[in-house]
Every structure is written in structure tokens, then in C-alpha cells.
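For clarity, every value in this text was computed on a predicted model and none was experimentally measured.
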There are 2 protein chains.
Amino acid sequence: MAQLTQEQRQLIEKIGIYHEQQGFPPVTGRIMGLLYVSDRPHLSFEEIVESLNISKSATSNALQLLQQMRLIEYTTYSGDRKRYFGALLENWHEEVLNKMESILAFSKLLRQANELRGQLNPEMNERVLERIEFLEFLSREVPALMHKWLKERNQ
Amino acid sequence: MAQLTQEQRQLIEKIGIYHEQQGFPPVTGRIMGLLYVSDRPHLSFEEIVESLNISKSATSNALQLLQQMRLIEYTTYSGDRKRYFGALLENWHEEVLNKMESILAFSKLLRQANELRGQLNPEMNERVLERIEFLEFLSREVPALMHKWLKERNQ
DNA sequence: TATTTGGTTCTCTAAATTATGAACTAAAGA
DNA sequence: TCTTTAGTTCATAATTTAGAGAACCAAATA
């Protein structure tokens with residue numbers, strides 16, 4: 001990564017803000033931005049530090065977090081001690097499945113709410129049930145949709 | 001809301017934590033929990049304050065936030081100055097549409113990244129494009145799925 | 001008019017989060 | 001063995017966020 005242009009910097013910030021809104025710390029979001037914007041699919045630790053003007057420690061922690069979340073990976077080359085980090089671009093289908101699981105978990109909480117309510121307010125139970133069923137519908141159909149898309153692509 | 005049972009309290013906390021993970025402050029999430037768990041579809045300001053042992057100011061601010069996000073509403077009764085707050089249960093389809101818009105916005109940022117990269121790394125552009133196209137696919141198909149579901153329900 | 005009620009706004013503190021810089025470690029090279 | 005390199009960990013500072021409590025306000029009641 002030679003030197004970032006003004007345009008690249010701006011786009012990195014936007015991608016960073018998007019990630020912040022998804023719950024990531026700022027530096028972490030910026031690293032994702034950098035990895036998406038970069039000409040090369042992998043950047044060294046040092047390049048990340050220097051391109052974004054952030055500390056080594058912040059970089060180290062952010063990279064660990066992103067690896068745990070399976071959003072980035074790194075490759076190495078023998079005879080070179082550095083690690084080269086890149087966005088894990090093929091991982092989005094895992095992300096979608098995770099998201100759907102979390103939606104399903106929430107629908108289970110709503111079911112519990114209905115159970116606790118028992119017969120005290122059947123009308124409310126019914127309205128909550130409609131929501132539960134939609135959440136379940138989504139977490140069934142979205143993965144199906146995704147597989148359909150994958151199949152069409154890879155044939 | 002008489003007095004919450006231990007089970008109700010526990011479920012409220014779980015629903016609260018789910019909302020925290022979606023980016024809400026704790027009190028705000030607990031209020032959502034309370035409104036989902038409650039026997040009655042609407043609770044007064046005072047009942048919320050007392051059930052959750054939270055301050056009036058925290059309650060006021062959280063209720064404002066939840067209204068802005070269109071997750072709750074309140075009703076009033078003439079001759080009664082109180083407001084009665086309840087979860088906006090029928091609003092989930094709006095939530096889904098918003099989520100899809102935000103995904104689409106992100107895919108536009110990725111498109112920009114590809115544009116800025118130009119011909120410097122066509123292979124990377126291609127991998128990013130695959131992701132973009134999937135995001136676009138989702139934000140087209142999920143609303144369609146939802147409408148299908150709505151139609152089947154309401155006929 | 002004075003008081004109560006229902007809720008909002010303001011000020012301040014406590015807690016949590018984020019990131020820095022320095023110290024450190026382990027491997028590689030001189 | 002001494003030094004450099006690559007990155008991690010630790011202590012701490014800075015910032016942000018969350019929420020409490022008091023003061024406040026407007027409408028309703030006495």
C-alpha cells in the first residue's frame with residue numbers, strides 16, 4: 001500500500017463507520033475498510049499501522065478480534081516473519097447463518113414470554129406469536145435463499 | 001403489572017441482553033423485555049420505573065429512544081394524564097426493510113472500493129463483486145420473501 | 001391560587017470502552 | 001552472544017456512555 005489517496009481515506013472512514021454501527025470499535029472498522037479498499041488482498045501488520053496511523057497495540061488487539069470473528073485471516077511466507085492480513089471475503093455465508101441463529105434465539109425468548117404469560121392475555125400471545133413465526137420463517141428461508149444463490153453461482 | 005416473578009425478571013434480563021447486543025443501552029433493552037413479558041400490552045411510565053427499579057430520567061430517555069426507533073408506542077385515555085407504553089409488535093416488517101437498506105448501503109461502499117481499485121487487481125475486484133452481488137440479492141429477495149409471507153397470512 | 005401529578009431536562013458521577021506508549025517476548029540474523 | 005524484527009501484553013490516559021438525582025415545567029386538581 002503505497003500512500004492512501006484522499007478518496008481512499010474517505011471510503012475507509014465510511015466503511016469504518018458502517019462497522020462501528022454494527023458494534024465494532026473504530027480502529028477495528030477502519031482496518032476492515034483498509035482491507036476492502038487496498039489494491040492488494042493482504043497487508044502486513046506494519047502497513048496497517050502506518051496506513052492508518054494507529055498504535056501497534058490497537059492494531060494487534062483489533063486484528064485478534066477480527067480473526068476471532070472470522071472476518072479476516074492472515075497468510076505467511078516462509079523466509080518472511082511477517083503476517084499478511086486480508087479480509088475473509090468468502091465468509092459472508094457464515095455471517096448470514098450466524099445472524100439467522102441469533103434471530104432464532106430471540107424468537108425462543110419470545111416463546112418463553114408467551115409461556116410465562118400463559119392464558120392471562122391470549123390476544124397479546126397471538127400478536128407475539130405472529131412475530132415469532134415470522135422470525136422462524138426468516139431463519140428458515142434466508143439460509144435456503146442463500147443456498148439457492150450459491151448453487152446458481154457455482155454450477 | 002403486579003410484581004414480577006423471578007422467572008419474569010430473568011427473561012427480561014435475557015431479552016435485555018439480546019437488545020444490548022444489537023446496540024441498545026441496558027435500560028432500553030430491559031424496557032423492551034418488560035413490555036414483551038408483561039401480561040398487559042401497555043404499561044404506564046410509573047409502572048416501568050417501579051418494575052425495573054430505574055430512575056425516571058433513564059426511563060424517559062429510553063422511552064424517547066425506543067419511540068424514535070419505532071419499537072414502542074404509547075396510548076392515552078381521556079381523563080387520564082398518564083401515557084401507556086407498549087411494544088410496537090406489528091412493526092417488524094419495517095425493521096426488516098431498514099436492515100436491508102443498510103445492507104444495500106454497505107454494498108454500495110464495496111462498489112466504490114472496486115471503482116477506486118480500478119484495474120489494479122481484477123481478481124480482488126471479482127471476489128468483492130461476488131459479495132456485493134450477494135448483498136444486493138439479499139436486499140431484493142428478503143423483502144420479497146416477507147411480502148409473500150404477509151400475503152399468505154392475510155388472505 | 002396553591003398543590004399534586006406526570007414526565008422532561010440538566011448536571012454530575014461512575015463505569016466502561018478505546019486506544020496509547022512502554023515494556024516485554026520469542027524468533028531470526030549478525 | 002548481541003541485536004534486530006514482529007508482534008503481544010500491560011499500565012494508564014482519554015473519551016464516551018449510561019444512568020442517578022434534583023430541578024424544573026405544564027396540565028390538572030383542590
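- Rounding to whole angstrom units, CG of residue A:Leu43 and P of D:dA6 are separated by 15 Å.
- Rounded to an integer number of Å, the gap from CZ of B:Phe45 to C1' of C:dT4 is 16 Å.
- Atom NZ of B:Lys108 is separated from atom CD of B:Glu115 by 12.0 Å, given to the nearest 0.5 angstrom.
- For the atom pair CZ of B:Arg83 and CZ of B:Phe45, the computed distance is 9.0 Å after rounding to the nearest 0.5 Å.
- Residues B:Leu34 and B:Ile48 come closest through the heavy atom pair CD2-CA, 3.9 Å.
- Taking atom CZ of B:Phe85 as the reference point, atom P of C:dG6 lies 13 Å away to the nearest angstrom.
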What N/O pairs connect the protein and nucleotides 25-30 of chain C at under 3.5 Å? Give each pair on its own line.
{"from": "C:dA27", "atom 1": "N3", "to": "A:Arg81", "atom 2": "NH1", "distance (Å)": "3.4"}

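- Atom CD in A:Gln21 sits roughly 16 Å away from atom P in D:dT16 (whole-Å rounding).
- What you find for B:Pro143 and B:Arg140 is that their closest heavy atoms are CD-O, 3.4 Å.
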Next on the checklist: Between B:Tyr77 and B:Tyr84, does the ring-ring contact (aromatic ring centres under 6.0 Å, His included) criterion hold? Intermediate values first, please.
Outcome noted: CA-CA 9 Å; B:Tyr77 301 95; B:Tyr84 294 86; 5.4 Å; yes
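- Atom CD in B:Gln64 sits roughly 13 Å away from atom C1' in C:dG6 (whole-Å rounding).
- For residues 56-75 of chain A, every residue pair satisfying the ring-ring contact (aromatic ring centres under 6.0 Å, His included) rule, not counting sequence neighbours, is listed here: A:Tyr74-A:Phe85.
- One interatomic measurement links the two molecules: CD of B:Glu47 to C1' of C:dT5, which rounds to 15 Å at whole-angstrom precision.
- The distance between atom CZ of A:Phe24 and atom C1' of C:dA19, rounded to the nearest whole Å, is 18 Å.
- Relative to the side chain of A:Pro26, the nucleotides D:dG19, C:dG6, C:dT18 differ in distance, and C:dT18 lies closest.
- A ring-centre distance under 6.0 Å is found for A:Phe106 and B:His19.
- Neither OP1 nor OP2 of D:dT5 sits under 4.0 Å from any side-chain N or O of A:Arg83.
- Side-chain atoms of B:Arg127 and B:Arg131, non-hydrogen and from C-beta on, never get closer than 4.5 Å to each other.
- Put simply, NE2 on B:His42 is 18 Å from C1' on C:dG6, counting in whole angstrom units.
- Nearest nucleotide to the A:Pro25 side chain, out of C:dA19, C:dT9, C:dG6: C:dA19.
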What's touching nucleotides 20-22 of chain D from the protein side, N or O pairs under 3.5 Å?
{"from": "D:dA20", "atom 1": "OP2", "to": "B:Ser55", "atom 2": "N", "distance (Å)": "2.9"}
{"from": "D:dA20", "atom 1": "OP2", "to": "B:Ser55", "atom 2": "OG", "distance (Å)": "2.7"}
{"from": "D:dA20", "atom 1": "N7", "to": "B:Ser57", "atom 2": "OG", "distance (Å)": "3.0"}
{"from": "D:dG21", "atom 1": "N7", "to": "B:Ser57", "atom 2": "OG", "distance (Å)": "3.4"}
{"from": "D:dG21", "atom 1": "O6", "to": "B:Ser57", "atom 2": "OG", "distance (Å)": "2.7"}

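- In this model, a donor atom of one side chain and an acceptor atom of the other lie less than 3.5 Å apart for B:Arg117 and B:Asn114.
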